[in-house]
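Heads up, the thing below is written out as structure tokens.
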Amino acid sequence: MDLFSQAADADRAEELRATLNRYAHAYYVLDAPLVPDAEYDRLFRELQGIEAEHPELLRADSPTQRVGGAALKALAEVRHRVPMLSIETETDTTEGGAIAFDVRVRRKLGLADTAPPVEYAVELKFDGLAINLRYEEGVLVQAATRGDGEVGEDVTHNVRTIGGIPLRLQAQAPAVLEVRGEIYMRRDDFERLNARQTERGEKTFINPRNTAAGAVRQLDPAIAAQRPLSFFAYGVGEIQGWKEPPVTHAGLVDALAGFGLPVCAHRTVTQGAAGLTAFHQHIAALRDSLPFDIDGIVYKVNSLALQRELGFRNREPNWAVAHKYPAQEELTKLLDIEVQVGRTGAITPVARLAPVFVGGVTVTNATLHNEDELRRKDLKIGDTVIVRRAGDVIPEVVGSVAERRTGREHEFVMPTLCPVCGSHIVREEGESIARCSGGLACRAQRTQAIIHFAGRRMMDIDGLGERYIESLVEFGYIDRIADLYTLRLDDLLDMKRRADERDGVTPETVQQGKIATKWAENLIAAIAASKQPPLARLLFALGIRHVGESTAKTLAGWLGSLEWIRCAPKEIFAVLPDIGDVVAESLHDFFSEPNNERVLDELLRAGVKPLDEHLPTARLAQRIGMAELLGHLKIPRLTAIRSQHLAALVTSIAALVELRSEQILALDLPAEVTSALDTWLADKGNFDRLKRLENYCSRLLAITPQEDSAVVSPFTDMTFVLTGTLPTLTRDQARALIETSGGKVSSSVSKKTDYVVAGSEAGSKLANAQKLGITILDEAGLLALVGEHKDPPL
DNA sequence: CCACCTCGAGTTCC
DNA sequence: CTCGAGGTGG
């Protein structure tokens with residue numbers, strides 16, 4: 001090898017290092033790639049080639065050295081040259097905390113009340129892992145964790161794998177520059193990582209912070225390299241040879257950005273206490289939509305000279321404070337795991353927790369959904385667990401803290417018998433939910449069925465709450481939904497007396513007796529008032545499996561009356577939109593169960609009279625086509641295509657019933673279909689089924705089609721999603737408004753959503769809508785939109 | 001057959 | 001709100 005080529009390679013290697021580092025900066029830090037990935041890979045491999053040939057050209061700042069080297073035995077200790085101090089946490093989480101800090105600063109600086117406001121640099125407090133990056137002559141030489149502030153751990157090998165951390169600084173960096181910042185994991189990266197773990201059947205991680213911290217402290221850099229970590233710089237440690245050092249904190253962070261280090265955009269310079277509280281409010285509103293977790297914000301006196309003047313106390317700077325938001329995650333003890341029995345018999349494990357204040361409320365219970373979930377989270381009774389109220393409402397046990405185990409924890413054992421009725425608990429193959437097999441013989445299921453029936457979106461019996469229904473069932477006054485309508489005043493009063501007795505409530509005075517009678521009268525009246533619900537509500541109230549609000553509306557809208565629905569053949573259900581085999585089967589099972597038939601009859605006899613819908617005969621005739629019906633009859637060998645074919649030849653059910661063997665032969669169908677059809681028709685059961693279907697269809701369609709008063713609305717086929725709390729309208733009112741204008745209200749945001757109506761405290765749905773670029777309305781916007789299309793000027 | 005969209009069901013706290 | 005699972009369209 002001649003010297004000339006070696007010199008050329010050295011130049012080329014230097015050039016490649018610079019180019020690749022520039023590309024990496026654009027990609028990771030600026031989020032604006034300069035070249036396609038393939039081009040980066042090509043140059044990367046070229047550099048690898050040169051370095052393999054000339055090991056003496058290897059440099060610490062070479063991008064090829066991000067992942068390299070073998071796993072360590074243990075992490076080495078690093079003594080920080082300038083201690084990594086923590087900042088004081090303001091205990092007052094309200095605005096008062098910001099004001100108190102400003103007052104302390106002004107007093108320490110000896111400022112008069114009339115003096116101008118102090119200038120502050122304000123930024124986010126990231127929920128990650130604090131780190132010190134040491135650059136010498138612009139090259140990253142060491143990365144260390146905070147540790148106890150004096151001595152940390154050397155994690156250089158892992159930190160090198162983080163794409164956003166430059167291995168070489170841009171511009172004229174000081175001879176020595178220690179950068180302080182936070183390593184964290186973005187929420188979306190965290191979720192993707194977990195999705196990948198699930199895919200591979202590996203354990204998922206609990207939260208971004210623990211995952212990031214764990215990754216940085218890995219011994220094997222290859223593992224750390226697979227964890228998507230990010231970094232923000234916000235301060236400095238030791239500095240030597242900085243020619244024009246900044247004079248403010250904001251200027252310092254800007255300078256770090258100038259060196260190619262990633263800094264957070266959510267920072268600003270502001271004046272006085274008012275500026276601090278404004279930033280506090282601003283970030284509080286933004287918190288849930290940030291791409292990463294924060295646990296608060298940080299206020300710093302902007303002027304570095306003033307910082308020096310303020311100095312330290314108890315090894316904490318007097319010129320900075322962390323102002324936290326109420327925790328969204330807390331640790332608590334998992335005291336016990338109990339099971340609940342739901343309306344459908346679903347056995348749900350529920351966590352009983354030591355009370356813990358999280359996200360603004362005290363949480364003592366949290367659902368664990370099902371057994372798989374519980375095992376996935378590795379929960380044992382007695383564990384210390386992480387509880388979250390993810391910006392939302394419903395508490396969730398995120399996972400257990402394995403390090404806190406004492407050995408006295410024990411596994412939860414799923415019961416095999418229902419705790420309420422003693423029936424067997426069965427878990428169907430491939431299902432995640434275990435169910436009590438007791439059906440309505442199980443008191444829990446009976447009670448839940450009645451609670452459901454009386455609920456607001458169903459029969460809406462005002463004043464008949466969960467408590468009373470439980471007592472009524474417990475003392476035997478009601479057993480089934482129909483019994484509600486035969487309840488007498490005395491039954492209610494007796495029930496209340498016995499319930500009070502059980503609870504040890506003092507015997508009643510005359511005054512209280514009067515109140516109780518009034519209560520019972522009102523309740524009886526409320527029950528009577530529920531007797532004429534819209535048909536869909538009654539259907540939903542019945543609690544048929546797989547039939548919720550939406551399916552109930554479909555049934556009511558297409559078949560019009562309870563009479564037509566309860567005697568409909570399975571195939572009719574299945575041709576309706578959004579109803580498939582499973583739901584059709586469930587409906588058919590429900591209406592052919594003698595117990596249910598009796599209950600329905602009793603309801604009708606008691607005077608329950610649902611408001612029927614107009615029967616859309618014309619549309620119905622279109623939908624109940626021969627091909628569709630054939631498809632749902634489950635005739636062997638008759639595929640969807642062949643059903644269409646046969647439907648063209650035999651155009652009505654009536655004709656099919658009459659079909660003789662010779663005629664089937666003449667149809668010119670594939671031989672196997674001919675014989676299968678022949679055998680199928682010859683079966684008495686099938687023949688009767690067909691007869692009934694034919695009979696049903698002809699009666700149903702014989703009803704004279706009424707004029708379809710086609711209300712053409714500009715909202716037709718528009719899908720809305722509601723989220724958050726609107727200022728004046730309730731959710732139900734907004735929903736009614738949209739529906740009466742012809743729109744549809746859906747529960748989740750997708751590409752098909754036309755508008756998202758967002759109120760205050762909107763959650764993930766709003767974020768999702770923003771991501772998908774869906775038009776977002778506030779209440780006023782919705783009203784305007786409705787108003788525009790209503791009452792066109794004459 | 002798969003991917004995507006909806007719906008159903010269960011749940012917390014005040 | 002979230003998960004699971006049913007329905008549908010490509």
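Excluded from the calculations below are hydrogen atoms, water molecules and symmetry mates; all remaining heavy atoms, backbone and side chain alike, are included. Just so it is clear: chains get the letters A, B, ... in the order the sequence lines come, proteins before strands, and each one is counted from 1. Being a predicted model, the structure only gives us computed values, none of them experimental.
- Residue A:Q340 places no side-chain N or O under 4.0 Å from the OP1 or OP2 atom of B:dG10.
- Where A:H369 and A:D578 meet DNA chain C, the nucleotide closest to each residue was compared, and A:H369 sits on the side nearer the 5' end.
- Using a 4.0 Å cut-off, no side-chain N or O of A:S432 falls inside it from OP1 or OP2 of C:dC3.
- Not one side-chain nitrogen or oxygen of A:T367 sits closer than 4.0 Å to the OP1 or OP2 atom of B:dT12.
- Checked against B:dG10, C:dG6, B:dC13, the side chain of A:V363 finds its nearest nucleotide in B:dC13.
- Salt bridge absent: A:D372 and A:R375 never bring a charged side-chain N and a carboxylate O closer than 4.0 Å.
- Side-chain proximity of A:S550 to B:dC7, C:dG7, B:dC5: nearest is B:dC7.
- Remark on DNA chain B: of its neighbouring residues A:G543 and A:A351, the 5'-side contact belongs to A:G543, judged by nearest-heavy-atom nucleotide.
- Note on A:R352: nothing from the nucleic acid sits closer than 4.0 angstrom, heavy atoms only.
- Counting non-hydrogen atoms under 4.0 angstrom, A:H546 reaches the backbone sugars and phosphates but no base.
- The closest side-chain heavy-atom distance from A:T332 to A:V385 is below 4.5 Å.
- Between A:G580 and A:L722, the one whose closest nucleotide on DNA chain C sits nearer the 5' end is A:L722.
- For A:E431, the listed nucleotide lying nearest its side chain is C:dA5; candidates were C:dA5, B:dT12, C:dT8.
- A:D372 places its CG atom 11 Å from the C1' atom of C:dG4, with the value rounded to the nearest Å.
- Under the 4.0 Å criterion applied to side-chain N and carboxylate O atoms, A:K377 and A:E373 are assigned as salt-bridge partners.
- Atom NE2 of A:H632 and atom P of C:dG7 are 10 Å apart (whole Å).
- The CD-C1' distance, from A:E428 to C:dG6, rounds to 16 Å in whole Å.
- Ion pairing between A:R623 and A:E628 fails under the 4.0 Å rule for side-chain N and carboxylate O.
- Taking only side-chain atoms of A:E373, from C-beta outward, the nucleotide of B:dG10, B:dT12, C:dG4 with the closest atom is C:dG4.
- When rounded to the nearest whole Å, the span between CZ of A:F357 and P of B:dT12 equals 19 Å.
- Counting non-hydrogen atoms under 4.0 angstrom, A:I433 reaches nothing in the nucleic acid.
- A straight line from CG of A:L576 to P of C:dG6 spans 18 Å, rounded to a whole angstrom.
- Side-chain nitrogen and oxygen atoms of A:R343 include at least one within less than 4.0 Å of the OP1 or OP2 phosphate oxygen of B:dA9.
- Atom NE2 of A:H452 and atom C1' of B:dA9 are 10 Å apart (whole Å).
- Between the CD atom of A:E396 and the C1' atom of B:dT12 there is a distance of 12 Å, given to the nearest Å.
- Nucleotide C:dG7 holds its P atom 10 Å from the CG atom of A:L587, rounded to whole Å.
- In the set C:dG4, C:dG7, B:dG8, C:dG4 carries the atom at the smallest distance from any side-chain atom of A:N370.
- A side-chain contact (heavy atoms from CB on, under 4.5 Å) with A:V583 is found for one member of A:I544, A:D578, A:T551, A:T554 and no other, namely A:T551.
- Between A:N365 and B:dC13 there is a side-chain N or O to OP1 or OP2 distance below 4.0 Å.
- Residue A:V583 has its side chain nearest to C:dG6 when only C:dG4, B:dT11, C:dG6 are considered.
- Side-chain polar atoms of A:T344 and A:R545 form no donor-acceptor pair below 3.5 angstrom.
- Taking the nucleotide of DNA chain B with the nearest heavy atom to each of A:T364 and A:R435, the more 5' of the two is matched to A:R435.
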